[in-house]
Amino acid sequence: MRAWFIATVAACLFAIAGPAGAQESVRIGVLKYGTVNWELDAMTREGLDTAHGVEVEIVPFASEDASTVALQAGAVDMIVSDWLWVSRQRADGADFTFLPYSTSVGSLMVPAKSDVETLGDLKGKTIGVAGGPLDKNWLLIQALASRDFEIDLSAENEIAYGAPPLLAEKARSGELDAVLNYWHYAARLEAEGFRTLVSGTDAAMRMGTEGPVASIGWVFRDQFAEEHPEAVSGFIAADQATKALLATSEEAWEALRPLMKAEGEDAFDMLKARYREGIPGRSAEAERADTAKLYELLARIGGERLVGPSPVLVEGTYFTGEGDGR
């Protein structure tokens with residue numbers, strides 16, 4: 001389905017790109033060294049933003065919190081965040097909305113020669129977890145371990161929460177028996193011989209989703225979409241065209257090498273492969289249905305501390321392109 005999706009989008013979007021006219025500016029807040037920069041660099045380098053009537057301005061931030069504050073203050077028009085944050089904001093009366101960006105998620109990795117084969121084998125081990133105790137993937141993996149192996153990973157193991165690069169180094173040095181890290185750190189470990197015990201997507205599907213769910217997406221206000229519909233539609237078209245390019249072009253990836261900081265050819269190839277696997281390819285209806293299902297599961301596991309006051313995904317969380325997104 002993904003191949004069909006990419007081919008169709010690429011053909012349609014390049015065909016509809018009209019003559020250059022007045023460009024709509026879209027200010028996008030990103031983490032200074034985040035992987036979203038790869039796609040935006042490819043987009044602007046190839047002129048795919050201007051080809052679709054928008055001019056992307058990249059605004060770097062040092063942290064995710066700083067980017068969300070900037071979006072709330074109107075200093076940027078879009079950021080990349082997750083649907084949990086969007087739903088929680090909507091429950092509190094805000095008008096943010098979400099458009100899928102990537103299904104690439106973190107994975108629980110173990111060394112190649114580890115005797116750990118299942119989640120049940122982790123009992124008594126030391127596990128590193130990036131993202132904190134309320135990380136979505138960590139909660140899902142704990143729920144899966146409890147259901148399938150009757151083990152409480154957080155209670156029966158030594159858990160080390162920390163920054164992703166620090167945890168990756170501790171895994172390499174043998175200080176951790178397993179590490180749950182963000183997708184690009186997991187990809188680098190995989191290139192070095194680590195293997196995936198279970199990914200966040202694996203856990204979600206084993207807990208009931210029909211397919212991979214986009215964990216992060218483009219987030220903006222309904223008001224921005226209402227006041228600048230051409231900017232939003234143009235950016236969406238540019239985003240899809242960029243994904244189509246990166247799904248097929250080796251030359252586009254070569255241009256991204258300096259940004260990727262891949263440690264060798266194996267890491268470069270693995271990062272490229274995992275990015276490509278994360279390109280959303282499901283229908284909007286299937287995506288929203290699975291997200292709603294996953295949200296209710298996370299609400300039961302993480303409670304109000306994780307999801308906020310609403311036990312269900314708030315209406316309008318997903319951008320539909322119709323009216324105010326509701």
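Quick note: numbers below take in every heavy atom, side chains included, and nothing from hydrogens, waters or symmetry partners.
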| message | Could you see if Leu84 belongs to whatever hydrophobic cluster contains Leu31? Use Ile, Leu, Val, Met, Phe, Trp, Tyr and a side-chain cutoff under 4.5 Å. | response | no

| query | Does a sphere of radius 6.0 Å around CZ in Arg305 hold more than 12 heavy atoms from other residues, nucleotides or ligands, not counting ones at 6.0 Å or beyond? | reply | no

| task | Taking the side chain as every heavy atom from C-beta outward, state whether Val314 and Gln89 have any atom pair closer than 4.5 Å. | result | no

| said: When you compare the side chain of Tyr185 with that of Leu167, does any pair of heavy atoms fall below 4.5 Å? | reply: no

| Is the Phe220 ring parallel, tilted or perpendicular to the Phe224 ring (thresholds 30°, 60°)? | perpendicular

| said: Please find the pair of heavy atoms, one from Asp92 and one from Pro309, that lie closest to each other, and give the distance. | reply: OD1-CG, 4.0 Å

| Exercise: identify the closest heavy-atom pair between Ser25 and Glu57 | OG-OE1, 4.3 Å

| Just by modelled atom types, is the Ala178 backbone N or O under 3.5 Å from a matching donor or acceptor in the Lys125 side chain? | no

| Heavy-atom count around Glu296 CD within 6.0 Å, excluding the residue itself: above 12? | yes

| Between CG on residue Leu153 and CG on residue Leu108, distance to nearest 0.5 Å | 8.0 Å

| said: Under 4.5 Å between side-chain heavy atoms, counting indirect links through other Ile/Leu/Val/Met/Phe/Trp/Tyr residues: same cluster for Leu48 and Met78 or not? | reply: yes

| task | Report the distance from atom OG of Ser107 to atom CG of Leu180, rounding to the nearest 0.5 Å. | result | 8.0 Å

| Got a sec: does the CD of Glu175 have more than 12 other heavy atoms crowding it under 6.0 Å? | yes

| With the 4.5 Å side-chain cut-off for hydrophobic clustering, are Ile28 and Leu246 part of the same group? | yes

| field | Hphob cluster co-occupancy, Ile279 + Met270, side-chain heavy atoms under 4.5 angstrom | value | no

| message | Is the shortest side-chain heavy-atom distance between Thr50 and Gln23 below 4.5 Å? | response | yes

| query | Roughly how far, to the nearest 0.5 Å, is CD of Glu39 from CG of Leu259? | reply | 12.5 Å

| remark: So OG of Ser102 and OH of Tyr275: to nearest 0.5 Å the spacing works out to 7.5 Å

| request: Using a 4.5 Å cut-off on heavy atoms from C-beta on, say whether the side chain of Arg195 contacts that of Val110. | output: yes

| message | Between Asn37 (side chain only) and Gly34 (backbone N and O only), is there a donor and an acceptor less than 3.5 Å apart? | response | yes

| request: Starting from the C-alpha separation in whole Å, work towards a yes-or-no answer on salt bridge (Lys or Arg N to Asp or Glu O under 4.0 Å) for Lys243 and Asp239. | output: CA-CA 6 Å; Lys243 284 180 165 64; Asp239 174 55; 2.9 Å; yes

| query | Can you tell me if Asp121 uses its side chain to pair, donor with acceptor, with the backbone of Glu117 under 3.5 Å? | reply | yes

| task | Say whether Leu271 and Tyr182 are linked into one hydrophobic cluster, either directly or through other cluster members, by side-chain heavy-atom distances under 4.5 angstrom. | result | no

| query | For Arg188, does its backbone N or O pair with a side-chain atom of Glu263 as donor and acceptor, under 3.5 Å? | reply | no

| said: Does this structure show an ion pair linking Glu250 with Arg276, if we count only N-O contacts that are shorter than 4.0 Å? | reply: yes

| With no hydrogens and no angle check, is any side-chain donor or acceptor of Arg45 less than 3.5 Å from a backbone partner on Ala252? | no

| So does Gln223 have more than 12 non-hydrogen atoms from other groups sitting under 6.0 Å from CD? | no

| field | Gap separating the CZ atom of Arg172 from the CG atom of Leu189, nearest 0.5 angstrom | value | 5.0 Å

| said: Run the side chain to side chain contact (heavy atoms under 4.5 Å, CB included) test on Leu122 and Val116 for me, step by step, so that the C-alpha distance in whole Å, both residues' side-chain angles and the decisive distance to 0.1 Å come before the verdict. | reply: CA-CA 7 Å; Leu122 286 173; Val116 174; 3.8 Å; yes

| request: Please report the C-alpha distance between Ile159 and Ile127 in whole Å, then the side-chain angles of each, then the deciding distance to 0.1 Å, and finally whether the side chain to side chain contact (heavy atoms under 4.5 Å, CB included) criterion is met. | output: CA-CA 5 Å; Ile159 309 301; Ile127 306 172; 4.0 Å; yes

| remark: Given the options Tyr295, Trp218, Phe98, Trp83, Tyr318 meets ring pair (Phe, Tyr, Trp, His ring centres under 6.0 Å) only with Phe98

| request: Answer yes or no: is there a side-chain heavy-atom contact under 4.5 Å between Trp183 and Glu190? | output: no

| task | Determine, stepwise, if the pair Phe61 / Ile79 fulfils side chain to side chain contact (heavy atoms under 4.5 Å, CB included). | result | CA-CA 10 Å; Phe61 292 96; Ile79 61 170; 5.8 Å; no

| said: salt bridge (Lys or Arg N to Asp or Glu O under 4.0 Å) for Arg221 and Glu227? Distances and angles first, verdict last. | reply: CA-CA 10 Å; Arg221 289 186 181 275; Glu227 294 176 352; over 6 Å; no

| query | Are the side chains of Leu140 and Leu297 in touch, meaning some heavy atoms are under 4.5 Å apart? | reply | yes

| query | Any sub-3.5 Å donor-acceptor pair from Asp41's side-chain atoms to Leu256's backbone N or O? | reply | no

| query | Would you call the rings of Tyr161 and Trp138 parallel, tilted or perpendicular, where under 30° means parallel and over 60° means perpendicular? | reply | perpendicular

| Under the salt bridge (Lys or Arg N to Asp or Glu O under 4.0 Å) test, residues paired with Asp82 that sit two or more places apart | Lys136

| Derivation and outcome, salt bridge (Lys or Arg N to Asp or Glu O under 4.0 Å), residues Arg282 and Glu210 | CA-CA 10 Å; Arg282 304 173 69 202; Glu210 297 296 325; over 6 Å; no

| query | Does a side-chain heavy-atom distance below 4.5 Å link Asp148 with Arg206? | reply | yes

| said: Between Arg257 and Glu265, does any NZ, NE, NH1 or NH2 come within less than 4.0 Å of an OD or OE carboxylate oxygen? | reply: yes

| field | Heavy-atom closest contact (Ala186 atom, Met109 atom, distance) | value | O-CE, 3.7 Å

| note | What one should report as the nearest heavy-atom pair of Ala204 and Leu294 is CB-CD1, 4.0 Å

| query | Can you check whether Val198's main-chain N or O pairs, donor with acceptor, with Thr196's side chain at less than 3.5 Å? | reply | no

| query | Is a side-chain N or O of Asp49 found less than 3.5 angstrom from the main chain of Glu55, in a donor-acceptor match? | reply | no

| task | For the pair Arg90 and Thr97, evaluate side chain to side chain contact (heavy atoms under 4.5 Å, CB included) and give the outcome as yes or no after the intermediate values. | result | CA-CA 8 Å; Arg90 292 190 79 93; Thr97 190; 3.9 Å; yes

| Is there a side-chain contact between Phe149 and Lys123, using heavy atoms and a 4.5 Å cut-off? | no

| Shortest non-hydrogen contact from Ser215 toward Val105 | CB-CG1, 3.5 Å

| Which pair of non-hydrogen atoms, one from Ala203 and one from Ile141, has the smallest distance, and what is that distance? | CB-CG1, 4.0 Å

| message | Check whether Glu156 reaches the backbone of Asp152 with its side chain - one donor and one acceptor, N or O, closer than 3.5 Å. | response | yes

| said: What's the separation between atom OG1 in Thr320 and atom CG in Leu99, rounded to the nearest 0.5 Å? | reply: 10.5 Å

| request: Look at the side chain of Ser146 and the backbone N and O of Gln142, then say whether any donor-acceptor pair between them is shorter than 3.5 Å. | output: no

| Do Phe96 and Trp85 have their ring centres less than 6.0 Å from each other? | yes

